[in-house]
Amino acid sequence: MGMYYPQATPIALGPTELLPGSQYYTGGDERRFQVSEEEWSTSAVPLVCPTPGNFVLMHYDLWHRALRNTSSKLRFMVKFVFCRTLCTPDLSPWGPRVQQEQQQQHE
């Protein structure tokens, strides 16, 4: 997953906060759905973006949340979700499919 921040995001603007290691929580883990506010406040890391245009690439299962916006400004963030496909089409001009077609044309 990727998050794009078009503006600077200081603490007052309520940046995204991450809980490191939470992507490894499993269904059998008793902490899977029970993380205390104390754990968030002692372990979480805010993504403070000092300049506009920052892009954060992160694991999809990493727990994250927005902190409270204590400023009078609006906070913007665009989230991009990526997923793998079962097959990758080879549309490149140097790929095997194109090479095979070119060989067939010369035969």
Side-chain angles (χ1 to χ4, degrees):
M1 176 169 66
M3 293 184 288
Y4 171 71
Y5 296 89
Q7 84 280 10
T9 312
I11 290 288
L13 202 54
T16 302
E17 188 174 51
L18 305 176
L19 189 60
S22 58
Q23 73 271 22
Y24 299 116
Y25 293 172
T26 63
D29 191 336
E30 67 274 2
R31 297 173 10 151
R32 174 75 172 148
F33 299 110
Q34 299 175 2
V35 176
S36 67
E37 184 60 36
E38 180 181 349
E39 185 174 357
W40 272 105
S41 63
T42 58
S43 302
V45 177
L47 289 175
V48 176
C49 300
T51 57
N54 285 284
F55 185 83
V56 177
L57 185 63
M58 60 184 261
H59 192 286
Y60 181 78
D61 292 330
L62 186 65
W63 290 10
H64 60 283
R65 67 179 182 177
L67 292 176
R68 183 180 306 226
N69 184 347
T70 58
S71 74
S72 59
K73 299 178 182 178
L74 292 175
R75 177 182 87 105
F76 297 99
M77 183 265 291
V78 180
K79 185 191 299 187
F80 297 90
V81 179
F82 307 99
C83 66
R84 293 183 178 150
T85 59
L86 295 176
C87 63
T88 305
D90 187 4
L91 302 176
S92 61
W94 56 84
R97 180 187 57 82
V98 175
Q99 291 173 356
Q100 288 175 355
E101 289 175 1
Q102 289 173 347
Q103 286 176 353
Q104 289 174 355
Q105 289 174 357
H106 293 293
E107 291 177 355

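Under the 4.5 Å side-chain heavy-atom criterion for ILVMFWY residues, a single connected hydrophobic cluster contains both Leu47 and Tyr60. Residues Val56 and Val78 do not share a hydrophobic cluster, defined by chaining ILVMFWY side chains whose heavy atoms lie under 4.5 Å apart. Note on Phe55: it does not cluster hydrophobically with Val81, by side-chain heavy-atom contacts below 4.5 Å among ILVMFWY residues. Using a 4.5 Å cut-off between side-chain heavy atoms of Ile, Leu, Val, Met, Phe, Trp and Tyr, with links allowed through other members, Leu13 and Leu67 fall into different hydrophobic clusters.
Distance check, rounded to the nearest 0.5 Å: CZ of Arg68 to CZ of Arg75 gives 13.5 Å. To the nearest 0.5 Å, atoms NE2 (His59) and CE (Met1) are separated by 10.0 Å. The CG atom of Leu18 sits 12.5 Å away from atom OG of Ser43, with the distance rounded to the nearest 0.5 Å.
Closest of all the heavy-atom pairs between Met58 and Leu62 is CE-O, 3.7 Å. Closest approach of Val45 and Pro20 over heavy atoms only: CG2-CG, 3.7 Å. Of all heavy-atom pairs between Ala12 and Asn69, the closest is O-OD1, 3.1 Å.
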Let me have the donor-acceptor pairs involving side chains of residues 2-11, under 3.5 Å, with sequence neighbours excluded, atom names and distances please.
residue, atom, partner, partner atom, Å
Tyr5, OH, Thr16, OG1, 2.6
Thr9, OG1, Gln7, O, 3.2

